[in-house]
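As structure tokens, the structure follows; a few thoughts come after it.
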Amino acid sequence: MDGLWAGPADDGRVRAGLAKYLLICERDDVDPMTAGRLHVAAFVKDLSTPPSRRGANVVALDSGAALEFQ
């Protein structure tokens with residue numbers, strides 16, 4: 001292995017990662033050119049959090065709390 005760059009496959013991963021970062025910057029109303037360490041750390045944490053099995057718009061009610069109806 002000559003280096004860490006594997007070629008075109010890595011290009012796609014870098015583009016996808018950058019696109020995701022820019023979307024998160026937009027969502028959090030942060031200028032990507034002036035984002036600080038805390039924002040980058042939040043982005044890395046966001047990457048390490050797996051997406052919900054149920055989908056992004058599903059609210060889970062299986063917390064164990066009882067629901068009361070009147």
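Nothing here was measured: the structure is a model prediction, and the numbers come from that model.
- Annotation: Arg27, atom CZ; neighbour count of heavy atoms from other residues, nucleotides and ligands within 6.0 Å is above 12.
- Looking at Asp31, its side chain does come within 3.5 Å of a backbone N or O of Met33 through a donor-acceptor pair.
- Sparse packing is recorded around CG of Leu38, with 12 or fewer heavy atoms of other residues, nucleotides or ligands lying under 6.0 Å away.
- Distance check, rounded to the nearest 0.5 Å: CD1 of Ile24 to CG of Leu47 gives 6.0 Å.
- Note on Leu22 and Val30: separate hydrophobic clusters, where clusters join Ile, Leu, Val, Met, Phe, Trp and Tyr whose side-chain heavy atoms are under 4.5 Å apart, directly or indirectly.
- Contact between Tyr21 and Pro32 at its shortest, heavy atoms only, is CE2-CB, 4.0 Å.
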